Amino acid sequence: MGRAQPRWLVQPLGADGTPYRADGGSPTVMTAAQLAAADAGRPRWVLDGADRHYPALLRAGVRLTRCHDIVMTERLLQGRVGEFGVPVAAAAVVARATGAPVPADPGAQPAADAVPALFDTPAAGPQPERPDAVLDRLGAALRDQLGRLSRQPQPAPLRLLVAADSTSALAAVELSAAGMPWDADEHDRLLSALLGPRPRHGGRPAKLQALADQVAAALGGRVNPDSPTDLRQAFYRNGIELTSTRSWVLKSIEHPAIAPLLAYKELARLYTANGWNWLSTWVVEGRLHTEFVPAGVVSGRWATRGGGGLQLPRALRAAGRARSGWTLVVADAAQLEPRVLAAVSADPALQQICRQDDLYVALAADGFGGDRAAAKLAMLGAMYGQTSGEAGRLLATLRARYPASMALLQRAADTGEAGGVVHSVLGRASPPPSEAWRTVTAADTPRAREQARSWGRFTRNFVVQASAADWAAVWLSLLRAELLAGAAPGAELVFFQHDELILHCPSEQAQTVCELARSTADAARALVFPRSTAATPVRPVAVGCYADAK
DNA sequence: TGCATGGGCGCC
DNA sequence: AAAGGGCGCCCATGCA
């Protein structure tokens, strides 16, 4: 007895997003093969959360090329609705979640193209929703969203963002399922070389324990180097008062315990965060299976759930290896954020600087006496809101030479300090500050000012970080579209980290993939920053092993 | 025993 | 005068 083939219920929708059951189109039950055939016509499928519905499709061998993700879109729209209080649309969302009808939207505008709705046939549950009810709910939600989109002051960039976020939702499911190729044996060798062999019955690995013993000996007594309190007490007994046990604080101390302690901290981090337990939990059949969460960060950056997929330590990247006969293409957008700042601010001088391959070299030559490190420190400090130290002093140079970009950052910070909302280049809104923040900052106290400035640093950085995330999402979407169109047979996306993409492809496709990564980055720049001359250069490298990429 | 919080550190 | 943004995850710790 074979298992029943999975099937999906598909509702064709009219051009205005209205289900047209009444005039002939009726819900159809489709097999995976039929869905795949239907996708060849490049419809924009409507999904009530790709993370909920796409994994099953993918397991059945169906890849969807384009979609409108109701959940991703709702988050984008709600961020833009009200600055304060409960957004107007929240009521509709609650209604949808409970299966109650959504109020019709009289202002709905026609969609750009016909869209089929698509979702799993209702699973057995306590109270499965009737298929028609699901269809009505989805159709109403779509009409509602298209209407709200068209009423935005600048709908075009936001529509691009909706498309990019929706595609990201599909790509995240695919990336999570594919997994980065990861060589567990190599990982084990690296760990053993650094830490000593894997301990058999608990306890620390040999080299870690030896360092812990050295620390204890140097401090004259028992001390748990994993305990900040313990450490501070031990140092206090030795006549040293520590404000914290952070490594940069320790580095300024002269004491025989410091060197082994710093070494211990570094290795202990490796052992606990990416040691053998991590390996056996997250690496399955040669792939690292972390779960990607598209736009999981308020700025639109992706997050990961499990496995710490966005914090793969450099020391272990040699374990990221292509299969035999295959190649990893590692493509990252170099110095993305200052380039994004130049583009969103349309600062002529900074855009000029950003035409250079290494913009920090050009920046250093322009106003920092050729000191690249100083130029970089100043630029990063400006984008993060640093005002003290060397970065603070160098800020004056940036203000004098790049007034437009520095003014944009200052406006963003001022808006945040006043409790306002800022937006990315495509229109993603920053979250409004909490009620608690409003209460605290209403006072005229040092704490109030500190809280206000802190939120200002967040909004200052948001305009850059979120705009960079816009660009990256469009880049990813364009590259994925090329792959689905067959531009590099066999190539698949396996990793995405803010401004870096990794693809796994048959070695003979590597140069094609490199070129695709470059060309789609250029196309993304033209779409996201159409009036900017600042480049967003991508430098793909074809390697057998992730560690060789930098 | 489980849960929440803070210190600390990895990545961008 | 002003003391760098975003995350996820580990451990230790204090509490119920």
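Throughout, a chain's letter reflects where its sequence line sits, starting with A, and its residues are numbered from 1. Given the structure is predicted, the values throughout are model-derived calculations rather than measurements. Computed from heavy atoms alone, side chains included, the values below leave out hydrogens, waters and symmetry copies.
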At under 4.0 Å between heavy atoms, what does A:Asn224 touch on the DNA or RNA strands: base, sugar-phosphate, or nothing?
sugar-phosphate
Can you establish whether the number of heavy atoms outside A:Lys376 located under 6.0 Å from its atom NZ is more than 12?
no
Can any side-chain N or O of A:Thr415 pair as donor or acceptor with the backbone N or O of A:Val421 at less than 3.5 Å?
no
Could you tell me the separation between the CG atom of A:Leu310 and the C1' atom of C:dC9, rounded to a whole number of Å?
12 Å
Under 4.0 Å, counting only non-hydrogen atoms across every strand here, what does A:Arg269 touch: a base, just sugar-phosphate, or nothing?
base
Under the 3.5 Å Watson-Crick or G-U criterion, the dot-bracket string of DNA chain C, with | for inter-strand pairs:
....||||||||||||
How would you label the contact of A:Gly306 with the nucleic acid (heavy atoms, under 4.0 Å): base, sugar-phosphate, or nothing?
sugar-phosphate
Please classify the nucleic acid contact of A:Thr387 as base, sugar-phosphate, or nothing, using heavy-atom distances under 4.0 Å.
sugar-phosphate
Regarding A:Arg317, tell me which of base, sugar-phosphate or nothing describes its non-hydrogen contacts under 4.0 Å with the strands shown.
sugar-phosphate
On the 0 to 90° scale, with breaks at 30° and 60°, tag the A:Phe462-A:Phe458 ring pair as parallel, tilted or perpendicular.
perpendicular
Considering only heavy side-chain atoms of A:Thr229, the closest of C:dT13, B:dG10, C:dG6 is C:dT13
Closest to the A:Thr304 side chain: C:dG8, C:dG5, C:dC11?
C:dG8
When we call it a touch if two heavy atoms are under 4.0 Å apart, what does A:Arg314 touch: a base, just sugar-phosphate, or nothing?
sugar-phosphate
Distance (rounded to the nearest 0.5 Å) between A:Thr304 OG1 and A:Trp282 CH2
9.0 Å
Smallest heavy-atom separation, A:Ala319 atom then A:Leu190 atom, equals N-CD1, 4.2 Å
Check every strand shown and say whether A:Val464 touches a base, only sugar-phosphate, or nothing at a heavy-atom separation below 4.0 Å.
nothing
Select one nucleotide: of C:dA3, C:dG4, B:dG8, the one nearest the side-chain heavy atoms of A:Glu450.
C:dA3
Please tell me which of the listed nucleotides, C:dT13, C:dA3, C:dG4, lies nearest to the side chain of A:Ser227?
C:dT13
With the side chain defined as heavy atoms from C-beta on, A:Arg457 is closest, among C:dG5, B:dC11, C:dC11, to C:dG5
So, do A:Tyr384 and C:dG5 meet the stacking rule of ring centres under 5.5 Å and planes under 30°?
yes
Passing option when A:Tyr271 is tested against A:Leu194, A:Leu191, A:Leu208 for side chain to side chain contact (heavy atoms under 4.5 Å, CB included):
A:Leu208
Among C:dA3, C:dG6, B:dG8, which is the nearest nucleotide to the side chain of A:Ser388?
C:dA3
Nearest-angstrom distance from the residue atom CD of A:Gln311 to C1' of B:dC12
10 Å
Taking atom CD of A:Glu492 as the centre, report whether more than 12 heavy atoms of other residues, nucleotides or ligands fall under 6.0 Å from it.
yes
Could you tell me whether A:Gly307 contacts a base, only the sugar-phosphate backbone, or nothing, with contacts defined as non-hydrogen atoms closer than 4.0 Å?
sugar-phosphate
For the side chain of A:Ala303, starting at C-beta, report the closest nucleotide among C:dC7, B:dC9, C:dG6.
C:dC7
